[in-house]
Each structure stands twice: as C-alpha cells, then as structure tokens.
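To start, the structure itself, in structure tokens.
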2 protein chains.
Amino acid sequence: MSGRARTHWGDGRRPQGVAAAKPLPRRAVLADDVYEAIKALIMDHEIEPDARVSIDGLARQLRVSPTPVREALARLESAELVAKEPLRGYRATPLLTKEELEDLYQFRLLIEPWAAARAAERVAAGDKEQLRAEMAATEVPQSDSYAEYKALTAHDTRLHVLIAELAGSPQVRHAFERTHCHLHIFRLHYHRTIGAETIKEHQAIVDAITQGDKDAAEHAMRRHLESSCYDRLLPLYDAGGRRRHDERS
Amino acid sequence: MSGRARTHWGDGRRPQGVAAAKPLPRRAVLADDVYEAIKALIMDHEIEPDARVSIDGLARQLRVSPTPVREALARLESAELVAKEPLRGYRATPLLTKEELEDLYQFRLLIEPWAAARAAERVAAGDKEQLRAEMAATEVPQSDSYAEYKALTAHDTRLHVLIAELAGSPQVRHAFERTHCHLHIFRLHYHRTIGAETIKEHQAIVDAITQGDKDAAEHAMRRHLESSCYDRLLPLYDAGGRRRHDERS
DNA sequence: CTGGCGCGAATACTATAGGATTTATGAAAT
DNA sequence: ATTTCATAAATCCTATAGTATTCGCGCCAG
C-alpha cells in the first residue's frame with residue numbers, strides 16, 4: 001500500500017558545487033500526503049468510526065483542493081478505512097467487532113502457520129540474517145508509552161510480512177498485507193497494550209525457522225496468533241471500557 | 001468490488017398516474033461507468049498488457065473529464081489491472097506468468113478446500129437450495145462461443161464465492177474475492193477454453209457439501225483446483241502460442 | 001555511430017467553478 | 001405531537017483551466 005511515495009525531483013540537474021542544498025522541501029505527489037493525513041486522522045480517532053467524511057470539508061481542513069482528496073479516499077477505501085456510498089459521500093468504517101476480530105485471526109491462522117512452515121523449509125543464509133536482524137533491532141518496551149507501542153507494532157508488521165515473504169508465495173504475502181490487520185488492530189485499541197510476550201513468541205518463531213524446523217515453526221506461529229487473539233486482544237472487549245460505534249450517546 | 005452502482009433518482013417524487021415511465025435512462029455515477037468501460041478495454045486487450053494508460057487520453061476517448069477517470073483508475077489499481085507510477089501515469093499490469101498462475105492456485109489450494117470443508121460442516125437447508133440452484137441454472141456449453149465462455153466463467157465465480165460465503169468466514173471470502181482470480185485468468189486466455197469437466201467437478205463439490213461430508217468436500221475442491229490449474233490452464237502456456245508482454249515486436 | 005543536451009509536445013497534477021443531489025431546517029396540516 | 005412538504009444549505013459530482021513534470025525528438029559533440 002505504501003512504499004509508493006518516492007521523490008522525483010531534485011535527483012540531479014542541479015548546478016555543481018552547490019553542495020546539494022536542501023533537495024527542495026516539496027512534496028512528491030500531494031495526493032500521497034493527503035492519503036497519509038486522512039489515515040492519521042482516522043487512526044487517531046479524530047475522525048470517529050462511522051462518522052461521515054466530507055470531501056470538501058477535508059479539502060478545506062487540509063488546505064488543498066478536493067481533487068487529491070478524492071483520490072486519497074478512493075485508495076483508503078481499498079484499505080477499508082472508509083466506505084463510499086455513491087452521491088452520499090464517504091464514511092469511516094466502524095471498528096472491528098469481537099466477531100470480526102476472531103474471524104480475522106482465524107484467517108491468519110489459516111495462512112500464517114503455513115507460511116512459517118514454508119519459510120522454515122526454504123530458508124537460506126541471507127534470510128536467516130534478515131530474521132535475526134529484525135529481532136536484534138527490537139527491544140522490549142520499557143514503558144507503555146505511545147511511541148514504544150507504535151515501534152512495537154511496526155516491528156510486528158515487518159516480521160510477519162518478512163515471514164510471509166520467505167514463504168515464497170507472493171499471493172500469500174499479498175493476501176496477508178491486504179488484510180491490513182495491524183492497521184485495524186491498532187485502530188481498535190490505539191492506546192497501548194501488548195507486552196513483552198510478543199517478542200518472546202516472535203523469537204521462538206524465528207528460532208524455529210532459522211533451524212529449518214518446519215513443524216516447530218508452524219506450531220510457534222499458531223501459538224503466537226492464538227495468544228495474541230485470545231490472551232491479549234479479546235479481553236479488551238470486556239474490560240477496558242472501549243466504546244463501540246453502536247453505543248448511542 | 002461491484003454491486004455498488006445503485007440508482008438514486010426516480011425513486012418517487014413523480015406525479016401519480018404517469019405509469020412509471022422509463023426511470024430515466026441516466027447513469028448513477030459517471031465514475032462507475034468509466035470504471036466498467038476501462039475494465040472492459042483491459043479485459044478485451046484493447047489496452048494491451050504493460051501499455052501506458054493515459055488519463056487525459058481515456059477522458060477524450062470516453063468523452064468525459066479526467067476527474068472521474070482518475071477515480072476509476074484509482075479503484076482499478078486495487079484490482080491490480082493497472083499500476084500507478086507517480087507523476088508518470090498508469091500502466092496496464094502484465095498478464096500472469098506461469099509462475100504467478102501456479103502461485104495463485106497454490107493460494108487457492110490453501111483457502112478454498114478449507115472453505116469447502118467448513119461449508120460442509122455448517123451447511124443449512126437454505127444453503128443447500130442455493131447450491132443446487134446455482135448448478136441448475138448452469139448448463140454444459142454446447143459450442144465454444146465467447147458468450148458461453150463468459151457465462152461459464154460467471155457461474156464459476158458465483159459458485160466459488162458462494163462456497164467461501166458458506167464457510168462462514170468473511171475474511172476468507174474477502175481474501176478470495178480480492179485475488180480477482182477470475183478476472184486475471186479470464187484476461188489471460190480470453191479466447192474460450194475450459195470444458196464440461198469444470199461443471200462435473202463443481203457438481204462433485206456441491207454434492208459433498210450438501211451431504212455434509214467435510215472430507216469429501218475438501219478433497220473435491222482440491223481436485224477441482226488441481227485439474228483446473230495443471231490440466232486446463234498451464235498447458236496453454238506451451239501450446240496456444242500466447243504472446244507474452246516481454247516479447248518485443 | 002553513439003551518447004548527451006535542449007527544446008517542444010504530451011501528460012500528469014492541482015485548483016477552481018458550476019450543476020445536481022442529498023441533507024438539514026422549519027412551517028403547515030393532520 | 002407527529003407527519004408532510006417546501007425551501008435553504010451543504011455536499012457530491014463533473015467539467016475546465018493552469019501549472020509542473022515527464023516524454024520524445026532532433027541536434028551536436030565525441
């Protein structure tokens with residue numbers, strides 16, 4: 001989804017000897033910035049779930065014209081952060097219900113343990129290094145600060161994508177990415193959670209894969225997903241006092 | 001993806017006694033029509049794989065402004081029929097390679113047999129009726145005409161989606177739909193193929209599900225996909241003389 | 001003949017304007 | 001009090017214009 005925003009200016013054509021002054025603080029494509037801005041508004045709940053998202057309103061708020069906003073929203077729709085009703089505008093999608101969260105993890109349980117097993121079978125030397133590097137670059141969060149939570153989520157995303165990548169099936173990798181599971185889970189309980197157990201479980205998965213142990217990798221991934229879903233995520237629905245979109249005033 | 005285009009005009013507010021004259025032959029939202037038009041151009045290979053797709057050019061050709069074209073292309077990107085390079089425009093995606101086709105079917109083998117098994121476990125009376133109706137509404141193609149091929153593909157899509165639906169996991173169903181496999185396979189060899197075997201195999205799957213036989217359903221689906229991939233699709237790459245996008249002039 | 005440079009054309013990108021539809025507001029009738 | 005209807009405002013949708021960037025072609029140096 002992301003990874004598209006590359007700068008296309010200031011790559012050369014600059015008089016020699018200018019010591020590469022600021023490569024112009026300008027944007028690449030405005031629609032990409034607008035995309036990220038709206039996504040941030042939704043993730044931060046500044047745009048609440050199920051709330052209407054006005055095209056012209058956003059354009060005014062972001063000080064841009066409606067044109068790039070339309071394109072950004074069309075893309076956000078494929079990430080299922082907004083839904084469109086023709087002639088009526090866009091609306092932020094509701095948060096995951098308990099059932100939808102379980103269903104999401106059921107799907108992950110269907111493809112990710114398989115991917116872990118395949119990764120263990122196919123793992124090469126360079127791959128092992130990548131896995132170890134990802135684990136090494138991550139440290140157990142000391143506090144439950146927002147920043148550390150975001151960093152941990154980023155690590156989680158990278159590792160799961162990497163494993164799906166190592167499975168050697170672009171379709172499986174892509175199917176996983178298209179769930180945007182980290183996005184939706186993050187939006188669900190964006191005030192920190194998740195402990196150090198996650199990293200321990202990740203380490204177990206990485207160990208199994210690097211040892212080429214197919215069954216252990218599959219098992220470790222399955223256990224990780226089950227713990228994540230049933231031990232860490234689902235309990236948040238009962239306690240925590242998260243408000244749902246179907247609660248009225 | 002589709003199913004969004006609903007008319008929002010002429011639903012009332014009409015003087016009584018006019019006998020509901022033509023509900024206005026007008027469009028719902030122009031961007032939807034443009035979406036379908038461009039999709040048709042790509043599927044018919046009027047826009048060749050890997051060819052550049054000009055926004056302004058399409059707008060002139062379709063006699064509309066670039067605005068709805070931009071929105072349509074943004075949506076077509078999520079179906080992977082076009083790819084965008086910022087500031088450089090859109091480009092029709094290349095056809096599936098042999099490897100990509102195999103990978104696609106590997107993914108289908110991962111989720112669809114599972115879905116068939118689940119469907120067999122959960123099937124209710126009404127569901128059985130739906131399955132039988134879908135089979136009854138389909139007949140073995142007599143000729144290898146384009147129209148019949150299209151009809152058979154439509155049946156294939158409906159049946160596979162229905163089974164994914166009956167599995168009770170929206171995520172699995174959605175993941176399957178997001179592959180747009182029928183779209184890409186159709187585009188691959190859009191001049192007819194596929195015989196009556198498909199229908200026979202479909203019948204076997206439906207029988208197993210309606211009988212609630214979990215293992216048989218899973219097995220039948222697996223066999224169906226393997227036959228489809230290895231017996232019917234892959235051979236087309238060697239024979240048939242399909243030209244690939246990487247062949248130059 | 002090959003590779004780099006520059007100019008013109010084509011194209012993408014953003015902003016703005018106007019028409020069409022929906023939504024909100026409020027008065028009148030039951 | 002509730003419903004119906006009309007009017008006004010807000011919003012979506014499409015079209016058009018102008019700017020920025022890329023692309024294509026010819027020219028020139030090597």
Side-chain angles (χ1 to χ4, degrees), chain A residues 4-16 23-38 41 47 50-77 82-92, chain B residues 4-16 23-38 47 50-77 82-92 249:
Chain A
R4 162 199 291 167
R6 299 186 305 277
T7 59
H8 282 266
W9 30 257
D11 51 345
R13 317 299 164 78
R14 200 189 299 108
Q16 298 277 347
L24 293 179
R26 276 176 45 207
R27 63 193 177 287
V29 182
L30 186 53
D32 288 338
D33 294 350
V34 172
Y35 176 90
E36 292 300 331
I38 300 176
L41 287 175
I47 295 177
D50 211 55
R52 292 201 52 184
V53 179
S54 160
I55 295 175
D56 293 331
L58 276 176
R60 283 191 297 272
Q61 187 176 342
L62 299 175
R63 304 300 204 86
V64 297
S65 79
T67 311
V69 174
R70 298 187 76 84
E71 188 172 331
L73 285 173
R75 274 194 258 157
L76 281 167
E77 191 180 22
V82 299
K84 179 178 184 179
E85 301 165 272
L87 294 180
R88 299 188 45 179
Y90 289 88
R91 179 180 294 272
Chain B
R4 161 198 293 169
R6 298 186 306 276
T7 60
H8 281 268
W9 31 257
D11 51 346
R13 316 298 163 81
R14 201 189 299 109
Q16 298 278 348
L24 292 179
R26 275 175 47 207
R27 64 190 177 288
V29 181
L30 187 52
D32 289 337
D33 294 351
V34 173
Y35 177 90
E36 292 299 332
I38 301 176
I47 296 176
D50 211 55
R52 292 202 49 188
V53 179
S54 161
I55 295 175
D56 292 331
L58 276 177
R60 283 191 296 271
Q61 187 176 342
L62 299 175
R63 305 301 204 84
V64 297
S65 79
T67 313
V69 174
R70 295 187 77 84
E71 188 171 330
L73 286 173
R75 274 193 257 158
L76 281 168
E77 192 180 20
V82 299
K84 179 178 183 177
E85 301 165 273
L87 294 181
R88 299 187 45 177
Y90 288 89
R91 179 180 295 270
S249 61

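First the proteins, then the strands, lettered A, B, ... as listed; each starts at 1. Computed from a prediction, not measured in an experiment: that's the story for all the values here.
- Between the side chain of B:Arg91 and the backbone N or O of B:Asp50 there is at least one donor-acceptor pair closer than 3.5 Å.
- Under 4.0 angstrom from either OP1 or OP2 of C:dT23 there lies at least one side-chain N or O belonging to A:Arg88.
- Residue B:Leu87 comes nearest to A:Ala28 through the heavy atom pair CD1-O, 4.4 Å, listed as atom of the first residue, atom of the second, then distance.
- Between B:Arg70 and B:Leu73 the shortest side-chain heavy-atom distance does not fall below 4.5 Å.
- Partners of A:Ala31 according to the side-chain contact (heavy atoms from CB on, under 4.5 Å) rule, which considers only residues two or more places apart in sequence or in another chain, are A:Val29, A:Pro68, A:Glu71, A:Arg75.
- Taking atom CG of residue A:Asp33 and atom P of nucleotide C:dC13, one finds them 13 Å apart after rounding to whole Å.
- Sorted by residue number, the members of residues 51-66 of chain A with any non-hydrogen atom under 4.0 Å from DNA chain C read A:Arg52, A:Val64, A:Ser65, A:Pro66.
- Distance B:Glu85 CD to C:dT11 P: 16 Å, rounded to the nearest Å.
- Nearest nucleotide to the A:Leu30 side chain, out of C:dT14, D:dT21, D:dA15: C:dT14.
- Close to D:dC13, at under 4.0 Å from its OP1 or OP2, lies a side-chain N or O of A:Arg70.
- Following rounding to the nearest Å, B:Tyr90 (OH) and D:dT22 (P) show an atom-to-atom distance of 17 Å.
- With rounding to whole Å, A:Lys84 atom NZ is found 13 Å from D:dT11 atom C1'.
- A:Leu58 is not listed as a side-chain neighbour of A:Val34, based on a closest heavy-atom distance of 4.5 Å or more.
- Taking each heavy atom of A:Ile47 and A:Ala92 in turn, the nearest pair found is CG2-CB, 4.0 Å.
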